[in-house]
Amino acid sequence: MSRSLRFTAKDVGAFEQNGAFVVGFARARSDESSDEALILQRAADDSEDSGIYVEIPIQRYVCYDGVKDAVLGRNSLSVTFYPDAIAELGEIGAMQISFSNSDSEFANLAETLRRIFRGHESFAVDVANHSSEPTLSSGTSPAGQEPRLH
């Protein structure tokens, strides 16, 4: 049975580094024993792209293309994972992450997530959702698209 994690991220980052787009959320950067953290990453160059890399740091659980749905609100990110990915991610089926950041930091976060999820219908930005309580959307993945796990 999968579990759902709900936490407030005190550390949020979105950037491009070493040819990859990276977004990270952590309850506390210094807490390496908690599952309450998420990194999403994808190659910037399509010729080197292996899909969306998901990590629950520090490399505790990892998979590729395991995100079923992701919805970014102004103060939250909700992510659900495909069943095959749940097994790879320590039985974590969903994450509901609350955060607080400036308008410019949010714009950078949204743009970096759009680049990570390029070509995927599974990502949406819902700026009307100002709540700190994220909501999970229903499956919006294209029919027949299955995740690739490595």
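Atoms considered below: every heavy atom in the structure, side chains included; atoms not considered: hydrogens, waters and symmetry mates.
Leu5 and Ile56 fall within a single hydrophobic cluster, where Ile, Leu, Val, Met, Phe, Trp and Tyr side chains are chained together by heavy-atom contacts under 4.5 Å. Connection of Val22 to Leu38 is not established within any shared hydrophobic cluster, with ILVMFWY side chains joined at heavy-atom distances below 4.5 Å, either directly or through further cluster members.
Between atom CD1 of residue Ile52 and atom SG of residue Cys63 there is a gap of 10.0 Å, rounded to the nearest 0.5 Å. Separating the CG atom in Asp126 from the OG atom in Ser76 is a distance of 8.0 Å, to the nearest 0.5 Å. Annotation: the span from Met95 atom CE to Arg3 atom CZ amounts to 8.0 Å, rounded to 0.5 Å. Atoms CG and CG, on Leu77 and Leu40 in that order, are 7.0 Å from each other to the nearest 0.5 Å. Atom CD in Glu55 sits 10.5 Å away from atom CG in Leu89 (nearest 0.5 Å).
With sequence neighbours left out, Thr8 forms a side-chain contact (heavy atoms from CB on, under 4.5 Å) with Lys10, Ser98. For Ser47, the side-chain contact (heavy atoms from CB on, under 4.5 Å) partners are Asp45, not counting sequence neighbours.
Evaluation of the salt bridge (Lys or Arg N to Asp or Glu O under 4.0 Å) test over residues 89-103, restricted to residues two or more places apart or in two chains, returns Arg74-Asp103. For residues 12-28, the side chain to side chain donor-acceptor pair (under 3.5 Å) pairs, not counting sequence neighbours, are Arg27-Asp31, Arg27-Glu36. For residues 27-49, no pair satisfies ring pair (Phe, Tyr, Trp, His ring centres under 6.0 Å), with sequence neighbours left out. The list of ring pair (Phe, Tyr, Trp, His ring centres under 6.0 Å) pairs with a residue in residues 20-62, not counting sequence neighbours, reads Phe25-Phe99, Tyr53-Tyr64.
For the pair Glu111 (side chain) and Asn108 (backbone), a donor-acceptor distance under 3.5 Å is absent.
Contact of the Leu72 side chain with the Phe123 side chain is registered, since non-hydrogen atoms from C-beta on lie closer than 4.5 Å.
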